[in-house]
Peer 1: 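One structure coming up, written as structure tokens, with questions to follow.
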Protein chains: 2
Amino acid sequence: MIETVMMAIKERRSIRNYADTDVPEKALQAILEAVQWTPSWANTQCWEVVVVKDPKIKEQIHAAVPASNPGSKSILKAPVLIALCAKLGTSGYYKGLVTTKFGDWFMFDLGLATQSLCLAAHALGLGTVVLGLYEHDKVNAALNLPEGVDNVCLIPLGYPEKVSGAPKRKNLDEFVHYDTF
Amino acid sequence: MIETVMMAIKERRSIRNYADTDVPEKALQAILEAVQWTPSWANTQCWEVVVVKDPKIKEQIHAAVPASNPGSKSILKAPVLIALCAKLGTSGYYKGLVTTKFGDWFMFDLGLATQSLCLAAHALGLGTVVLGLYEHDKVNAALNLPEGVDNVCLIPLGYPEKVSGAPKRKNLDEFVHYDTF
């Protein structure tokens, strides 16, 4: 199992150019199940997923992303756009109160879920890119999110048209320490 | 590839009971490489990993975890304790300024890295559990972290002695929405 899992982790690239090919329903289901089975703070599962295919909603979302964001065009180009959202005030909380100095842990749990989603997509031959730089409140409005639910990132999903090289990673000795920093 | 990746995602459980068996160095290297190849905000790779094996440091860290945390004992029992830390002020920033309403994105990127780590460990037959509920500043001190680096979670790592059942997950229709919420 390790060879395949490491291959998925190491070979998955951010995809910003998508082919005009639909995402099969079965593949989408598997990707949603990858989110479903992600671990979370005390199993709070604070994620809410909006699967956007409607071109009008995509246009509204695209208008919230600055053209300087290299993933901007992929919002319109990818056949599916996943808007990953969080129910606030659950992860990291106990009886309505925050339990750590980091407050709400939704960002951590959505990070966990995003990696599950991206790895499952890659394993299906599908590309993803995670966008975080845009006007979130405009996207909240386009998605008609209720109070207490916040969109955090946008993940275009589709078959890659072009796969770019891997951005350089730090060497292990640049970020790994033993016993103390 | 999808069958194996989905199996890793669905079958990985939180492990709180560890066998007295060391983690092979080769397995640890693979797990660190899983972190290394995780995507991050503009490839900022804000993670810092402290691999703790020294019983004295483990004792200091254990003292920062409340006994009510169900993972508390695993800090001492697991042969390896991974302290996942973040360099602050990089992820989500551009030229020293935050770029989104969510401020520093280190929690998101550490979530991504944690899922890579947990899946790689599971694929190697190793167990993990992610602890977030403890006195972080005490752990920062035990790890001798410099200013600007913060410990976020603790991940005991070792061969499972006991594997528990899966906590119940929401059905897809409880968190998946189409086009709008």
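To find a chain, count down the sequence lines: A is the first, B the second, and so on, and within it residues start at 1. For the numbers below, each heavy atom of this structure counts, side chains included, while hydrogens, waters and symmetry mates do not.
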Peer 1: So if I apply the side-chain hydrogen bond (donor to acceptor under 3.5 Å, both in side chains) rule between Ser116(B) and each of Lys10(A), Arg12(A), Gln115(A), which one comes out positive?
Peer 2: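 Of the listed options, the one satisfying the test is Gln115(A).
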Peer 1: Got Leu119(A) and Leu119(B) here, is their nearest side-chain heavy-atom distance under 4.5 Å?
Peer 2: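 Of all side-chain heavy-atom pairs linking Leu119(B) with Leu119(A), at least one is under 4.5 Å.
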Peer 1: Let's test your reading of the structure: which of Ala120(B), Ala142(B), Ala27(B), Gly92(B) forms the most heavy-atom pairs below 4.5 Å with chain A?
Peer 2: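 The answer is Ala120(B).
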Peer 1: Please determine, among Lys56(A), Glu3(A), Met7(A), Met6(A), the option with the most heavy-atom pairs under 4.5 Å with chain B.
Peer 2: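 Among Lys56(A), Glu3(A), Met7(A), Met6(A), the one with the most close pairs to chain B is Met6(A).
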Peer 1: For the hydrophobic clusters of this structure (ILVMFWY residues joined by side-chain heavy atoms under 4.5 Å, transitively), does one cluster hold both Val163(A) and Leu131(A)?
Peer 2: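 Both belong to a single hydrophobic cluster.
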Peer 1: Would a 4.5 Å heavy-atom cut-off, applied to side chains only, mark Leu133(A) and Trp41(B) as touching?
Peer 2: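 Contact flag for Leu133(A)/Trp41(B) side chains = yes.
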Peer 1: Who among Glu174(B), Lys168(B), Glu135(B) has the most heavy-atom pairs with chain A under 4.5 Å?
Peer 2: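 That would be Lys168(B).
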Peer 1: Report yes or no: does Gln45(B) contribute a side-chain atom to a donor-acceptor pair with the main-chain N or O of Arg169(A) at less than 3.5 Å?
Peer 2: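 It does not hold such a pair.
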Peer 1: Please identify, among Cys153(A), Cys118(A), Ala8(A), Pro146(A), the residue contributing the most non-hydrogen atom pairs under 4.5 Å to chain B.
Peer 2: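 Most heavy-atom pairs within the cutoff with chain B belong to Pro146(A).
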Peer 1: What residue, out of Ala166(B), Ser14(B), Ala123(B), has the most heavy-atom pairs lying under 4.5 Å from chain A?
Peer 2: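 The option with the most such pairs is Ala123(B).
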Peer 1: Quick one: what part of Lys87(A) sits under 4.5 Å from any heavy atom of chain B, side chain, backbone, both or neither?
Peer 2: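 Contact with chain B involves no heavy atom of Lys87(A) at all.
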Peer 1: Are Asp179(B) and Lys53(A) close enough for a salt bridge, meaning some N to O gap below 4.0 Å?
Peer 2: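 The answer is no: the pair does not qualify as a salt bridge.
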Peer 1: Drop me the distance from Leu28(A)'s CG to Leu172(B)'s CG, to the nearest 0.5 angstrom.
Peer 2: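 Going from the CG atom of Leu28(A) to the CG atom of Leu172(B) covers 9.5 Å.
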Peer 1: Which region of Leu110(A), side chain (C-beta onward) or backbone (N, CA, C, O), has a non-hydrogen atom less than 4.5 Å from a non-hydrogen atom of chain B, or is it both or neither?
Peer 2: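 Interface part for Leu110(A): both.
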Peer 1: Search all heavy atoms of Asn43(B) against all heavy atoms of Pro167(A) and return the closest pair with its distance.
Peer 2: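 That closest heavy-atom pairing would be ND2-CB, 3.4 Å.
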Peer 1: Using a cut-off of under 4.5 Å on heavy-atom pairs, state which of Ile57(A), Val176(A), Leu145(A) scores highest against chain B.
Peer 2: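 Of the options given, most contacts go to Val176(A).
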Peer 1: Is Val5(A) close to His122(B) at the side-chain level, that is, under 4.5 Å between some pair of heavy atoms?
Peer 2: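 Counting from C-beta outward, His122(B) and Val5(A) never come under 4.5 Å.
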Peer 1: Is it the case that one hydrophobic cluster holds both Leu117(A) and Trp37(B), taking links as side-chain heavy atoms less than 4.5 Å apart, direct or via other members?
Peer 2: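 Shared cluster, no.
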Peer 1: Heavy-atom distance under 4.5 Å to chain A: side chain of Ala121(B), backbone, both or neither?
Peer 2: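 When you check distances to chain A, no heavy atom of Ala121(B) falls under 4.5 Å.
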Peer 1: Under a 4.5 Å cutoff for heavy-atom pairs, which residue among Asn144(B), Val49(B), Thr100(B), Thr180(B) has the most contacts with chain A?
Peer 2: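 Option with the top pair count is Val49(B).
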Peer 1: Evaluate the side chain to side chain contact (heavy atoms under 4.5 Å, CB included) criterion for residues Asp150(B) and Lys101(A): first the C-alpha distance (whole Å), next the side-chain angles of each, then the deciding distance (0.1 Å), finally the verdict.
Peer 2: CA-CA 11 Å; Asp150(B) 235 336; Lys101(A) 64 187 275 193; 3.0 Å; yes
Peer 1: What distance separates Phe175(B) CZ from Cys46(A) SG, expressed to the nearest 0.5 Å?
Peer 2: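 So the gap between those two atoms works out to 11.5 Å.
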Peer 1: Identify which part of Lys58(B) has an atom lying under 4.5 Å from any heavy atom of chain A, answering side chain, backbone, both or neither.
Peer 2: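 Looking at Lys58(B), nothing touches chain A.
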Peer 1: Could you look at Asn69(A) and say if it's the side chain, the backbone, both or neither that has a heavy atom under 4.5 Å from chain B?
Peer 2: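 Neither part; nothing is under 4.5 Å.
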Peer 1: With a 4.5 angstrom heavy-atom cut-off, is it the side chain or the backbone of Ala42(A) that approaches chain B, or both, or neither?
Peer 2: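 The answer is neither part of Ala42(A).
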Peer 1: Answer with side chain, backbone, both or neither: which region of Val152(A) has an atom nearer than 4.5 Å to a non-hydrogen atom of chain B?
Peer 2: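 For Val152(A), backbone and side chain are both near chain B.
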Peer 1: In terms of hydrophobic clustering (I, L, V, M, F, W, Y; side-chain heavy atoms under 4.5 Å; direct or indirect links), are Leu112(A) and Val35(B) co-clustered?
Peer 2: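 Hydrophobic grouping puts Leu112(A) with Val35(B).
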Peer 1: Relative to chain B, which segment of Glu33(A) carries a heavy atom at a distance below 4.5 Å: side chain, backbone, both, or neither?
Peer 2: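 Its backbone and side chain both get close to chain B.
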Peer 1: Would you give the length of the straight line joining atom CD1 of Ile9(A) to atom CD of Gln36(B), rounded to the nearest 0.5 angstrom?
Peer 2: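 Output value for this atom pair is 11.5 Å.
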Peer 1: What part of Asp109(B) lies closer than 4.5 angstrom to a heavy atom of chain A: side chain, backbone, both or neither?
Peer 2: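 When you check distances to chain A, no heavy atom of Asp109(B) falls under 4.5 Å.
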Peer 1: Show the atom names and distances, to 0.1 Å, of all donor-acceptor pairs under 3.5 Å that link a side chain in residues 74-85 of chain B to residues at least two apart or in another chain.
Peer 2:
from	atom 1	to	atom 2	distance (Å)
Ser74(B)	OG	Gly71(B)	O	2.4
Lys77(B)	NZ	Tyr18(B)	O	2.9

Peer 1: As a quick check of understanding, evaluate side chain to side chain contact (heavy atoms under 4.5 Å, CB included) for Val130(A) and Phe108(B), giving each step before the final call.
Peer 2: CA-CA 11 Å; Val130(A) 183; Phe108(B) 189 88; 4.2 Å; yes
Peer 1: Could you look at Thr38(A) and say if it's the side chain, the backbone, both or neither that has a heavy atom under 4.5 Å from chain B?
Peer 2: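 Both the backbone and the side chain of Thr38(A) come within 4.5 Å of chain B.
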Peer 1: More than 12 non-hydrogen atoms from neighbouring residues, nucleotides or ligands closer than 6.0 Å to NZ on Lys162(B), yes or no?
Peer 2: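 No, because the 6.0 Å sphere around NZ of Lys162(B) holds 12 heavy atoms or fewer from other groups.
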Peer 1: For Thr44(A), is it the side chain, the backbone, both or neither that has a heavy atom under 4.5 Å from a heavy atom of chain B?
Peer 2: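 Contact with chain B: backbone only.
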Peer 1: Taking the six-membered ring where the residue is Trp, are the ring centres of Phe102(A) and Phe106(B) under 6.0 Å apart?
Peer 2: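 Distance test on ring centres: under 6.0 Å, yes.
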Peer 1: If you round to the nearest 0.5 Å, how far is OG1 of Thr4(A) from CD1 of Ile2(B)?
Peer 2: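 Those atoms lie 11.5 Å apart.
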Peer 1: When you compare the side chain of Tyr178(B) with that of Val51(A), does any pair of heavy atoms fall below 4.5 Å?
Peer 2: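 The answer is yes, as the side chains (C-beta and beyond) meet within the 4.5 Å cut-off.
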